[in-house]
Protein chains: 4
Amino acid sequence: MEKLLDRNIPIYVQIMDAVKHSIVSGELKPGDRIPSVREMAATFGVNPNTVQRALLDLEREGLLETERAQGRYVAADQAAIEELRHAMAREAAESFAQEMKALGFSPEEFGDFLRGKGGE
Amino acid sequence: MEKLLDRNIPIYVQIMDAVKHSIVSGELKPGDRIPSVREMAATFGVNPNTVQRALLDLEREGLLETERAQGRYVAADQAAIEELRHAMAREAAESFAQEMKALGFSPEEFGDFLRGKGGE
Amino acid sequence: MEKLLDRNIPIYVQIMDAVKHSIVSGELKPGDRIPSVREMAATFGVNPNTVQRALLDLEREGLLETERAQGRYVAADQAAIEELRHAMAREAAESFAQEMKALGFSPEEFGDFLRGKGGE
Amino acid sequence: MEKLLDRNIPIYVQIMDAVKHSIVSGELKPGDRIPSVREMAATFGVNPNTVQRALLDLEREGLLETERAQGRYVAADQAAIEELRHAMAREAAESFAQEMKALGFSPEEFGDFLRGKGGE
DNA sequence: GTGGTCTAGACCACC
DNA sequence: GTGGTCTAGACCACA
């Protein structure tokens, strides 16, 4: 019998993920200014400090940069974004493969379930 | 900017999922007695009522059966379990495909990320 | 000597029955909003959770539908209601026949007792 | 929306009904000695006083008789029993007809639902 | 001991 | 205001 989900996935991690998706999807491009802390806090309905922490971490990862008194910009270049995109895909694939393995399916069978799942 | 994750997956749904995985993985076989409501409540650290609701729903799905004052048993036969296993796999594939699509990958590229992810 | 009557018909089952009768009798029509959980709880003098459970079960049976933060509505179409009406009649007939059999009457005699019982 | 069942149908009424069924079904015949109060109390798991009250009422109805220090006997003669049997059947028919009427069926349709319900 | 029901009361998201 | 979830704790029938 498996454990239950950890109900307390930190909000700031979720915010980091949301920003990453925005970047990777092209919604935010290199050099683009991202919404202000206050804006994002309002959007997500969370405390500005929480947003602040998420953005700081993203800066540490090199995805964002702060232009003193100007705002935050997407710092990653196209290559870095591409690498991020692939990293996120690898993670998704890892999760999927793990679940399928738990269900007793072999890698050869994965494709059977993905057939037709790519289109809308 | 995406929404934050819905971390409000009801506990009882998570419990249903845990039991399903136990059944599908063969940890629980047809006819096996499953842990009592109180036991599972203790294991998961939740209220017995929450477990009760999860198990009731699984009964409605035909996966479990209650033996008056004896306990609950796995009611699904091997065929039903096999169907459940496939349904769960389809769901996992759906999620994965959705995430990959959000990341801008085409179905043809899915396999590239799954190579080598099947083994341990 | 027979057992005593099972007066433990769960309240939530009785509530389900009351709602079914309201639907079948035309008091509630397809698309109609039904009273809120709290209202019905007050009407019946029971706990809202008990009503909640009854309505949830009716939803699972496809008779009701929930509109996010708006209320519950009768989801069954006229055909489904008609089917329900017949199912309830079959059940009533079953009970009646059982009682008559216990009293030692043959099906041929049933009609003798029903003469004149249909009108007001 | 109908009222809920009255949860407090007196136990002694239920006992009266059980005895009546025993008599009407022929399980207890005219002149038969019926079980002692203590026995019945044990059988039904109720207080002897409750049984006592039920039997007293049945005596008032002329169905039973007490033979001082001997026990209680079925006092009704075959004709009275036959009348009781019919009275109970009329009551059952009344209930059935009422339910069917509530479901919107006309007396002519009653038979359609009773067809085949008489046999085992 | 088992599951089944019910209550009371809380907090949440949505609108 | 609506429904949805969860907890805590009670009582019951069954064996």
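The sequence lines fix the lettering, A, B, ..., with proteins before strands; numbering per chain opens at 1. Note that these values count all heavy atoms, side chains included, but never hydrogens, waters or copies made by symmetry.
Counting atom types as modelled, C:Arg72 pairs no side-chain N or O with a base atom of F:dG3 as donor and acceptor under 3.5 Å.
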Compile the donor-acceptor pairs under 3.5 Å between side chains in residues 63-71 of chain B and protein atoms, sequence neighbours left out, one pair per line.
from, atom 1, to, atom 2, distance (Å)
B:Thr66, OG1, B:Glu59, OE1, 2.8
B:Thr66, OG1, B:Glu59, OE2, 3.1
B:Thr66, OG1, B:Arg72, NE, 3.3

Exercise. Both distances under 3.5 Å, Watson-Crick or G-U wobble: on that basis, could you give the dot-bracket string for DNA chain F, with [ ] for crossing pairs and | for other-strand partners?
Key: ||||||||||||||.
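Residue B:Arg68 places its side chain closer to F:dC14 than to any other of F:dC14, F:dC6, E:dA13. In this structure, the nucleotide among F:dG1, E:dG3, E:dC6 sitting nearest to the side chain of C:Pro10 is E:dC6.
Considering only residues two or more places apart in sequence or on other chains, C:Glu83 meets the salt bridge (charged side-chain N to carboxylate O under 4.0 Å, His left out) condition with C:Arg90. The salt bridge (charged side-chain N to carboxylate O under 4.0 Å, His left out) test applied to B:Arg85 returns B:Glu82, not counting sequence neighbours. Partners of A:Arg38 under the salt bridge (charged side-chain N to carboxylate O under 4.0 Å, His left out) rule, at least two apart in sequence or in another chain, do not exist in this structure. For the salt bridge (charged side-chain N to carboxylate O under 4.0 Å, His left out) test, residues two or more places apart in sequence or in another chain that qualify with A:Asp57 are A:Arg60. For C:Phe105, the ring-ring contact (aromatic ring centres under 6.0 Å, His included) partners are C:Phe113, D:His86, not counting sequence neighbours. Annotation: side chain to side chain donor-acceptor pair (under 3.5 Å) contacts of B:Gln52 (sequence neighbours excluded): none.
Between the side chains of D:Arg33 and D:Tyr73, no donor-acceptor pair of N or O atoms lies under 3.5 Å.
Regarding contacts with the backbone of F:dC6, every side-chain N or O of B:Tyr12 stays at 4.0 angstrom or more from both OP1 and OP2.
Near DNA chain E, defined here as any heavy-atom distance below 4.0 Å, the residues from residues 40-67 of chain B are B:Asn49, B:Gln52, B:Thr66, listed numerically.
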